[in-house]
Amino acid sequence: MKNKLLSGGFLLLAGFCLRAQEVTYEEYELDNGLHVILHQDKTAPLVTTSVMYHVGGKDRTEGRTGFAHFFEHLLFEGTDNIERGKWFEIVSSHGGKNNANTSQDRTYYYEVFPSNNLKLGLWLESERMMHPIIDQKGIDTQQEVVKEEKRLRYDNSPYGELINEVGKNLFKKHPYKDPNIGYMKDLDAATLEDVIAYNHKYYVPNNAVLVVAGDINVPDTKKMVEDYFGTIPKGEDVTRSYPKEDPILKEVRAKAYDANIQILASVISYRTPGFKERDAYVLDMISTYLSDGRSSKLYKKMVDDQKQALQVGAFNVGQEDYGMYLVYALPVGETGLETLVTEMEEEIAKVRDSLISERDHQKLLNKFENQFVNSNSSVEGIANSLARNYLLYGDTELINKEIDIFRSITREEIMEVANKYLRPDQRVIIDYLPEEPQSN
């Protein structure tokens with residue numbers, strides 16, 4: 001009886017916390033198509049201004065990969081009113097911080113300032129959108145920056161190319177087959193005209209969402225938003241039509257080589273649905289079940305009990321059009337890659353063939369409740385969630401109701417989705433090996 005009372009009290013408290021942390025916001029659209037979301041939070045004298053553009057690595061033509069990531073850097077070069085190289089100095093000298101990041105599907109810029117510098121944050125982002133300086137000098141400078149990043153993060157980093165190898169083997173037609181950072185030969189071949197045309201196509205108000213979150217006065221903020229962004233011309237509507245992939249109907253085997261590793265790896269990968277699909281949420285739960293934490297099925301079995309793997313994991317790479325589901329392991333000692341594949345498949349098969357226990361199901365729900373609370377625990381996190389939910393999912397209110405999707409996922413649905421996507425005849429197995437031996 002005591003345990004039941006404690007459990008009931010915990011669930012009651014969790015429900016109260018989730019209701020108490022509901023995110024309020026207001027959203028509207030300017031005449032030029034810029035979507036605006038405002039969230040007021042006066043708990044700290046800080047404000048986040050952010051702009052997310054619906055442009056990522058997949059938005060390119062053959063021979064011109066990596067443009068979105070390149071623009072992540074290029075649009076810090078300067079504008080008609082910001083001297084070249086002064087962007088970060090302006091931000092830091094006013095007590096702020098800023099950054100940007102790019103995925104295959106979107107690019108995100110943001111600043112965090114003391115709330116009395118809201119106007120500065122809006123001005124910076126309007127400058128970036130309205131009249132960035134795009135010239136050959138900036139292109140040459142940022143090409144070198146991107147090349148150095150590629151060397152650091154991919155070329156000279158252990159397992160740095162692993163995700164790229166998965167994309168290359170899962171996709172043959174869709175742009176996801178190419179790395180988000182692109183190929184350096186494509187950037188080298190890009191002309192000034194190519195870069196200017198890309199900017200005019202994607203970095204326009206009707207292909208973006210502006211989020212202002214934090215210690216703000218809403219009427220004053222609306223006026224500032226109109227003043228800084230209202231006169232920016234609307235761009236042409238962005239249309240996308242990417243090729244569909246043929247289904248994978250039998251197991252594919254591949255090899256990849258990495259000169260930076262000594263311990264090889266085995267990767268089982270599957271092509272999965274885009275992150276807006278309900279099945280993608282279920283796959284997130286399956287990956288957590290298999291490998292999140294020391295008590296997870298794969299870790300406890302292969303690392304702790306059988307001592308076959310130095311490391312093991314499963315995760316669902318969410319993307320807009322298709323996802324990528326990976327299960328990987330690094331062997332211990334003389335354990336062979338085929339042994340790793342057999343052991344990983346055994347745990348995946350259990351999810352396909354039988355219901356997970358009620359206890360494990362409840363543990364999953366608890367973990368996702370905790371993740372949901374933590375994702376909205378800061379104004380920065382809220383700004384990112386609001387932008388992403390509107391721009392990529394088409395539903396801003398997911399910031400409050402996404403947890404309901406996870407709560408509604410049953411044990412039966414977990415088994416059904418595993419059977420749908422994580423089958424041996426739909427997988428690509430990659431042997432990720434040290435540098436290819438030289439032939440005599």
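Without hydrogens or angle criteria, D105 side chain to E320 main chain gives a donor-acceptor distance under 3.5 Å. The backbone N or O of L340 sits nowhere less than 3.5 Å from a side-chain atom of S266 that would complete a donor-acceptor pair. In this structure, the side chain of Q143 engages the main chain of L187 through a donor-acceptor pair within 3.5 Å. Here the side chain of T288 pairs a donor or acceptor atom with the backbone of D284 at under 3.5 angstrom. In this structure a side-chain-to-backbone donor-acceptor pair under 3.5 Å is present from H94 to I90. H200 places no side-chain N or O within 3.5 Å of a backbone atom of G235 that could act as its donor or acceptor partner. In this structure, the side chain of Q40 engages the main chain of I216 through a donor-acceptor pair within 3.5 Å. Checking side-chain atoms of Y242 against main-chain N and O of D321 turns up no donor-acceptor pair under 3.5 Å. Using a distance-only test at 3.5 Å, with no hydrogens or angles considered, no donor-acceptor pair links the side chain of N164 to the main chain of P179. Using a distance-only test at 3.5 Å, with no hydrogens or angles considered, a donor-acceptor pair links the side chain of N400 to the main chain of V23.
Note that CG of N101 is 10.0 Å distant from OH of Y109, once rounded to the nearest 0.5 Å. For the atom pair OG1 (T335) and CD (E343), the distance works out to 9.5 Å, reported to the nearest 0.5 Å. The CH2 atom of W123 lies 12.0 Å from the CZ atom of F229; values are rounded to the nearest 0.5 Å.
Centroid-to-centroid, the aromatic rings of Y270 and Y421 stay 6.0 Å apart or farther. Aromatic ring centres of Y393 and F275 lie closer together than 6.0 Å. Aromatic pair Y322/H174: centroids less than 6.0 angstrom apart. Here Y203 and F71 bring their ring centres to under 6.0 angstrom of each other. You'll find the ring centres of Y198 and Y202 inside the 6.0 Å limit.
Nearest heavy atom pair, residue D258 against residue P158, reads OD2-C, 4.0 Å. Scanning all heavy atoms of the two residues, the minimum distance from M344 to L298 falls at CA-CD2, 4.0 Å. Heavy-atom minimum distance, Y390 versus E27: CD1-OE1, 4.2 Å. In terms of heavy atoms, A309 sits closest to V303 at O-CG2, 3.4 Å. The nearest pair of heavy atoms linking L74 to I139 is CD1-N, 4.0 Å. Scanning both residues, K150 and G182, for their nearest heavy atoms gives CE-O, 4.1 Å.
Ring-plane geometry between F406 and Y281 is classed as perpendicular, the angle between the planes exceeding 60 degrees on a 0 to 90 degree scale with a lower cut at 30.
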* To do: Apply side chain to side chain donor-acceptor pair (under 3.5 Å) to E149 and Y154, showing your working.
  => CA-CA 8 Å; E149 180 183 348; Y154 299 96; 5.7 Å; no
* To do: Carefully, step by step, assess K97 and E111 under the rule side-chain contact (heavy atoms from CB on, under 4.5 Å).
  => CA-CA 6 Å; K97 64 176 183 177; E111 294 83 26; over 6 Å; no
* Are D178 and T65 close enough, and set up right, to give a side chain to side chain donor-acceptor pair (under 3.5 Å), and what steps lead you there? -> CA-CA 8 Å; D178 298 316; T65 60; 6.0 Å; no
* To do: Please test E26 against H39 for side chain to side chain donor-acceptor pair (under 3.5 Å), starting from the C-alpha separation and ending with a verdict.
  => CA-CA 7 Å; E26 181 177 347; H39 164 67; over 6 Å; no
* Please test T102 against E72 for side chain to side chain donor-acceptor pair (under 3.5 Å), starting from the C-alpha separation and ending with a verdict. => CA-CA 7 Å; T102 310; E72 176 196 321; 2.5 Å; yes
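Within 6.0 Å of the NZ atom in K244, the count of heavy atoms belonging to other residues, nucleotides or ligands does not exceed 12. Counting non-hydrogen atoms of other residues, nucleotides and ligands closer than 6.0 Å to CG of D31 gives a total of 12 or fewer. Atom NZ of K147 has more than 12 heavy atoms from other residues, nucleotides or ligands within 6.0 Å. Other residues, nucleotides and ligands contribute only 12 or fewer heavy atoms inside 6.0 Å of the NZ atom of K168.
A cation-pi arrangement is present between K222 and Y28 under the rule of less than 6.0 angstrom and at most 45 degrees off the ring axis. Within the cation-pi definition used here (under 6.0 Å to the ring centroid, within 45° of the axis), R106 does not qualify as a partner of Y53.
At a threshold of 4.5 Å between non-hydrogen side-chain atoms, the residues L210 and L122 count as touching. Between I263 and P331 there is a side-chain heavy-atom pair separated by less than 4.5 Å. Inter-residue side-chain proximity for L34 and I232 is flagged as unmet; no heavy-atom pair is nearer than 4.5 Å. Counting heavy atoms from C-beta outward, V36 and E29 have side chains that stay 4.5 Å or more apart. The closest side-chain heavy-atom distance from H54 to L392 is below 4.5 Å. Between R427 and Y325 there is no side-chain heavy-atom pair separated by less than 4.5 Å. Side-chain contact between L365 and Q362: present, with at least one pair of heavy atoms (C-beta onward) separated by less than 4.5 Å. Using a 4.5 Å heavy-atom threshold, the side chains of M302 and K307 count as separate.
Between K42 and D215 there is a salt bridge, since at least one side-chain N of the basic residue sits less than 4.0 Å from a carboxylate O of the acidic one. A salt bridge links R128 to E125: one of the charged nitrogens lies within less than 4.0 Å of a carboxylate oxygen.
Checking R240, Q104, K58 one by one against P175, the side-chain contact (heavy atoms from CB on, under 4.5 Å) holds for a single residue, K58.
With sequence neighbours left out, S357 forms a side-chain contact (heavy atoms from CB on, under 4.5 Å) with R359, D360.
Residue pairs satisfying the salt bridge (Lys or Arg N to Asp or Glu O under 4.0 Å) criterion with at least one member in residues 78-95, sequence neighbours excluded, are listed as follows: E77-R84, R84-D135, K86-E89.
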